[in-house]
Structure formats: structure tokens, C-alpha cells
Amino acid sequence: MDIFSKNFSLEGKVALVTGAAYGIGFAIAESFALAGAKIAFNCRDQKHLDQALADYAAKGIAVKGYIADVTDEEQVKNLVDQITRELGTIDILVNNAGIIKRIPMEEMSVEDFRKVVDVDLNAPFIVSKAVIPGMKKKGRGKIINICSMMSELGRETVSAYAAAKGGLKMLTRNICSEFGGCNIQCNGIGPGYIATPQTAPLRELQADGSRHPFDRFILSKTPAGRWGTPEDLMGPAVFLASEASDFVNGHILYVDGGILAYIGKQP
């Protein structure tokens, strides 16, 4: 293997990708497997776990799936212990599990706000805390937090999500600051608008055959002129998980088709 290929190889590495039953997490797990890693992922219920295992098997990808709620510290400890016993010490963690509730702030309950923050911010803290001791002992580790353009920008109806993703950006930088000396790199990926089942309602054609208004809005704001795909995140994820990024730490890599660089067309 030449030095270039070696730098991007994940051969023999153990990767935990949370919430990787479909969409972005699934694509990242697939990319890691293709790069040689052993893959573990979690779901919160057996139905989604079984479907995900079948989907991975259909692609010829060997994975280990576990039932675990990443907002529950005890369940996360048990998850990490089980993965360590069955696959080895976790080398790569992707904090991908997340939810969004599109509710105007004045109408959003405190309970819903807390639930979004719990999944999108508290859970990455809990899982990172659980894997860092093993990484320190091994002398290396990669943590990738799935951030968002809402780590930088606000938008109506997503107050909880934006607050959580903004916090996740700063958690990413703090993990870098605290554990960089242990040869642990913590970076983030900030996806743009990605075509997944979660965003499907925003891309549905209207009754008259026209594009959804939000779909038109996103296309007008994206220099690339399209929605992203989960596959667009595969290369960036492998880079941040591999030795090629050993001196990249505390960085948020926005994979957004250029939205954050673009002010938009003049009306």
C-alpha cells in the first residue's frame, strides 16, 4: 500500500456511528466499511435495527448493530463495553444521531426544546465521554460530530435545533482543546441540505406539479444548484476519520454546496 492510500485507509479500525440506520449515518458507516473499518451502530428499537441490518446486508457490508439510547449514560457505557469486547477499542466515533422539531419558538414546549437538546447535544457529550478513556489508553482517536449549517445560522422554527447544533460546534472545539495532547482529533461535519427521508417532505412536488416552496428556496441559495446526497459526505468523513487528518483538530467542515459562502442572487 502506497503512503497516500495508507493515509486514507481505515483498515483494522473500529468505528461507532450512532443512529446509522439510514441517511447520513448509513452513508458514513458504508464509507468507513469500504475503507476497511469494522462498523458498529446503534438504534433505539428492534424494528429499526432489523431493517438497518437487512439494508447493510443487501449492500454486502458487515456491521454489528446494538440497541441503545444515546441520551442514557448507563446504556451508552454498556454499549461501549460490548463493542470493545466484541470488536475492540473504538478508534472512531461519529456522533450522528439527531432529531429536529420544526415548531415556532412561541409554540414550542420546554419539554420539546429539552428533548432536541438532549439528543443533539447531550448525547454527543455522553458518548464522547464514554469512548475517550479507551482512545487515551490506545494513544489515538477520532471523534466526528455531525453539526449543521444551523451551527452558524439561525432560521425560523428551529430554535432548539440551532441552539443544540451551535453548542455541538463548541463541544467539538472543547474536546479538541482538552484532548488534542492525547492524539485525539475531534472535528465536525456540517451538512448542507441533504436529500434524506427526513427532508423528503420538503422536496415533494405540489399538487400542480411545481416544486415545494422550500425546495425552490434551497436551490436558489445553493451555488451547486442542488440538494446534497448522503454520498457527498462519504469522502469528508473518511478524511476526518483517517490518518490524513491527524493535524486537523477542532475544525467544522461544511459540506453544503457553498450555501454559507453565498449571499444569494439579487432580486
Side-chain angles (χ1 to χ4, degrees), residues 8 10 13 15-44 48-65 70 92-100 102 119-120 123-124 127 142-151 158 161 164-165 168 172 187-204 211-212 214-215 218-219 221-242 245 251-260:
F8 287 90
L10 303 181
K13 300 293 178 65
L16 167 59
V17 184
T18 68
Y22 59 86
I24 289 171
F26 188 100
I28 289 175
E30 180 182 1
S31 70
F32 287 176
L34 292 172
K38 294 182 281 187
I39 307 300
F41 75 100
N42 77 294
C43 286
R44 288 200 294 180
H48 287 102
L49 179 66
D50 291 342
Q51 182 61 58
L53 289 171
D55 291 341
Y56 280 112
K59 288 203 163 196
I61 300 170
V63 297
K64 295 280 286 184
V70 289
I92 303 158
L93 166 64
V94 181
N95 284 309
N96 166 75
I99 61 171
I100 187 169
R102 296 182 178 90
V119 176
D120 293 358
V127 186
K142 303 281 186 174
I143 298 173
I144 302 171
N145 291 325
I146 303 303
C147 296
S148 167
M149 289 188 303
M150 298 302 106
S151 298
V158 293
Y161 183 80
K165 291 299 186 177
L168 186 58
T172 300
N187 294 289
I189 293 177
Y193 285 91
I194 307 296
T196 66
Q198 192 177 37
T199 60
L202 303 175
R203 291 176 284 108
E204 290 178 352
R211 288 182 176 273
H212 189 290
F214 191 81
D215 187 13
I218 292 305
L219 294 181
K221 291 293 186 182
T222 307
R226 66 174 177 87
W227 287 66
T229 67
E231 290 72 24
D232 286 320
L233 300 168
M234 295 172 79
V238 170
F239 166 65
L240 291 178
S242 71
S245 63
H251 177 71
I252 312 298
L253 174 55
Y254 289 100
V255 186
D256 64 356
I259 291 179
L260 288 175

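Using a 4.5 Å cut-off on side-chain heavy atoms (C-beta onward), I143 and T172 make no contact. The shortest distance between side-chain heavy atoms of P191 and I24 falls below 4.5 Å. With contacts defined as side-chain heavy-atom distances shorter than 4.5 Å, the pair N187/L253 does not qualify. For the pair I146/I28, a side-chain contact is recorded, criterion being any heavy-atom separation below 4.5 Å from C-beta on. With contacts defined as side-chain heavy-atom distances shorter than 4.5 Å, the pair M234/L34 qualifies. Side-chain contact check for K165 versus V158: every heavy-atom pair is 4.5 Å or farther apart. W227 is listed as a side-chain neighbour of D215, based on a closest heavy-atom distance under 4.5 Å. At a threshold of 4.5 Å between non-hydrogen side-chain atoms, the residues I259 and Y193 count as touching.
Relative orientation of the F8 and F239 rings is tilted, given thresholds of 30° and 60° on the angle between their planes. Aromatic ring orientation, Y56 versus F41: tilted (interplanar angle from 30° to 60°).
Scanning both residues, V70 and A97, for their nearest heavy atoms gives CG2-CB, 4.1 Å. Shortest non-hydrogen contact noted between G257 and P223 is O-CD, 3.3 Å. The two residues N96 and A20 make their nearest non-hydrogen contact at ND2-N, 4.3 Å. Here the closest non-hydrogen pair linking A35 and V238 is CB-CG1, 4.3 Å. Between N42 and G19, the closest heavy-atom pair is OD1-N, 2.9 Å. In this structure, D120 and G98 approach most closely via the heavy-atom pair OD1-CA, 3.0 Å.
Rounding to the nearest 0.5 Å gives a distance of 12.0 Å between CZ of R211 and CD1 of I218. Rounded to the nearest 0.5 Å, atoms CG (L219) and CZ (R203) are 10.5 Å apart. Note that the OG1 atom of T196 and the CZ atom of F26 stand 13.5 Å from one another [nearest 0.5 Å]. Within the model, atoms NZ of K64 and CD1 of I39 stand 13.5 Å from one another, a figure rounded to the nearest 0.5 Å. Here the OG-CD1 distance, from S151 to I189, works out to 12.0 Å after rounding to the nearest 0.5 Å. Separating the CD1 atom in I144 from the CD1 atom in I92 is a distance of 7.0 Å, to the nearest 0.5 Å.
By the 6.0 Å contact criterion, CZ on R44 is open, its count of non-hydrogen atoms from other residues, nucleotides or ligands being 12 or less.
Listed by first and then second residue, the salt bridge (charged side-chain N to carboxylate O under 4.0 Å, His left out) pairs involving residues 19-37 are E30-K59 (not counting sequence neighbours).
Judged as a side-chain hydrogen bond (donor to acceptor under 3.5 Å, both in side chains), and not counting sequence neighbours, the contacts of Q51 are D55. Residues that satisfy the side-chain hydrogen bond (donor to acceptor under 3.5 Å, both in side chains) test with R102, not counting sequence neighbours, are absent from this structure.
Under the 3.5 Å distance criterion, the side-chain polar atoms of K142 are matched with a main-chain donor or acceptor of S242.
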Apply side chain to side chain contact (heavy atoms under 4.5 Å, CB included) to the pair V127 and L16, showing each step before the final yes or no. CA-CA 10 Å; V127 186; L16 167 59; 4.1 Å; yes

For side chain to side chain contact (heavy atoms under 4.5 Å, CB included), just list the numbers for F32 and V17, CA-CA rounded to whole Å, side-chain angles, deciding distance to a tenth of an Å, and then say yes or no. CA-CA 10 Å; F32 287 176; V17 184; 4.1 Å; yes

Taking it one step at a time, do L93 and T18 satisfy side chain to side chain contact (heavy atoms under 4.5 Å, CB included)? CA-CA 8 Å; L93 166 64; T18 68; 4.3 Å; yes

